[in-house]
Amino acid sequence: MKRIVSNDNFFARVYAVVARIPFGRVTTYGAIAEYIGSKSSARMVGWALNSDKTNLDMPYHRVVNRNGELTGSKYYPNPNMMRELLESEGVEFIENAVDIKKYFWKP
DNA sequence: CGGGTGACTTTAC
DNA sequence: CGTAAAGCCACCC
């Protein structure tokens with residue numbers, strides 16, 4: 001039995017949501033996962049970002065965890081790159097996390 | 001088909 | 001603040 005939605009759609013959905021994030025806004029893995037249909041599968045979102053080979057130009061830096069922490073910054077060439085990208089968009093930081101309450105955006 | 005893995009989240013201690 | 005555990009789903013071998 002094949003699943004009705006999965007595979008290509010999963011990646012496509014992640015890309016679509018990330019690409020839709022407005023300038024100067026951020027979203028969470030959970031929000032993307034929920035929009036995709038699997039609210040509990042936030043891991044899949046992060047996994048998709050790191051596994052994607054087709055849309056490396058995607059603004060992944062606008063995707064943060066529920067606390068607003070840049071968990072993905074570790075996987076960037078430079079750990080500071082992700083933060084500076086967000087700061088350059090006008091996003092305010094609190095310690096090592098973005099003001100998720102203020103800049104959170106959801107599809 | 002099963003086991004391992006993971007850029008997450010929540011609850012619990 | 002830290003670790004632990006469970007839930008979750010798709011990919012890779």
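Numbers restart at 1 for each chain; the letters A, B, ... are given by sequence-line order, proteins then strands. These numbers come from a predicted model, not from an experiment.
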**OP:** Answer yes or no: does atom CG of A:Asn96 have more than 12 heavy-atom neighbours from other residues, nucleotides or ligands under 6.0 Å?
**Re:** no

Original post:
Once you round it to whole Å, what is the distance between C1' of C:dC9 and CZ of A:Phe11?
Top reply: 12 Å

Subject >> A:Phe104 CZ: over 12 foreign heavy atoms closer than 6.0 Å >> reply: yes

**OP:** Look at the side chain of A:Arg66 and decide which nucleotide, out of B:dT9, C:dC8, C:dA10, has an atom nearest to it.
**Re:** B:dT9

Return a table of donor-acceptor pairs under 3.5 angstrom between the side chains of residues 81-89 of chain A and protein atoms on other chains or two or more places apart.
unit_1: A:Arg83; atom_1: NE; unit_2: A:Glu87; atom_2: OE2; d: 3.2
unit_1: A:Arg83; atom_1: NH1; unit_2: A:Glu95; atom_2: O; d: 3.0
unit_1: A:Ser88; atom_1: OG; unit_2: A:Glu84; atom_2: O; d: 3.3
unit_1: A:Ser88; atom_1: OG; unit_2: A:Leu85; atom_2: O; d: 2.5
unit_1: A:Glu89; atom_1: OE1; unit_2: A:Gly24; atom_2: N; d: 3.2
unit_1: A:Glu89; atom_1: OE1; unit_2: A:Arg62; atom_2: NE; d: 3.0
unit_1: A:Glu89; atom_1: OE2; unit_2: A:His61; atom_2: NE2; d: 3.1
unit_1: A:Glu89; atom_1: OE2; unit_2: A:Arg62; atom_2: NE; d: 3.1
unit_1: A:Glu89; atom_1: OE2; unit_2: A:Arg62; atom_2: NH2; d: 2.9

**OP:** Rounded to the nearest angstrom, tell me the gap between atom OH in A:Tyr29 and atom P in C:dC9.
**Re:** 19 Å

Subject >> Distance in angstrom units between A:Asn67 CG and B:dT11 C1', rounded >> reply: 14 Å

Original post:
A:Tyr35 has an atom OH; how far is it from atom C1' of C:dC8, in whole Å?
Top reply: 21 Å

Subject >> Whole-Å gap separating C1' (C:dC9) and CG (A:Leu49) >> reply: 15 Å

Subject >> Atom-to-atom span, CZ of A:Arg13 to P of C:dA10 - whole angstrom >> reply: 10 Å

Original post:
Nearest of B:dT10, C:dC9, C:dC11 to any side-chain atom of A:Trp47?
Top reply: C:dC11

Subject >> Sub-6.0 Å ring centroid separation between A:Phe11 and A:Trp47 >> reply: yes

**OP:** Using whole Å, report how far CG of A:Asn50 lies from P of B:dT5.
**Re:** 16 Å

